[in-house]
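Because the structure is predicted, anything quoted here is derived from the model rather than measured. All residue numbers refer to positions in the sequence shown, counting from 1.
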Amino acid sequence: MAETRPDARTVLDAGEIRRALTRVAHELLEHNKGPRDLVLLGIPTRGVALARRLAARLAEIEDAEVPSGSLD
């Protein structure tokens, strides 16, 4: 079990993170005019996980694979 600091606070709960990812995914699709030629690259370590989560959300929305990877 993770130790909780007395001054720690939750910024976003699981539902809010899901909604934020969905909102960002829709913005990416709007600005790119769809998923075509879209590639998501994350910077290690946390950015890679975010790129993968966004790619998965985009695939759910558009029913099209969006490649993701890392940039070091």
**Q.** Partners passing side chain to side chain contact (heavy atoms under 4.5 Å, CB included) against L12 (at least two apart in sequence or in another chain)
**A.** E16, I17
Q | More than 12 heavy atoms from other groups under 6.0 Å of CG on D7 | A | yes
Q: Please go through I43's hydrophobic cluster and name the other residues, only I, L, V, M, F, W, Y counting, with side-chain heavy atoms under 4.5 Å joining them.
A: none
Residues 27-39 side chain polar contacts: donor-acceptor under 3.5 Å, at least two apart:
from: E27; atom 1: OE1; to: H31; atom 2: NE2; distance (Å): 3.2
from: N32; atom 1: ND2; to: G34; atom 2: O; distance (Å): 2.8
from: N32; atom 1: ND2; to: R36; atom 2: O; distance (Å): 2.9

For residues 44-67, which side-chain N or O atoms pair as donor and acceptor with protein atoms under 3.5 Å away, sequence neighbours left out?
from: R57; atom 1: NE; to: T22; atom 2: OG1; distance (Å): 2.8
from: R57; atom 1: NH1; to: E60; atom 2: OE1; distance (Å): 2.7

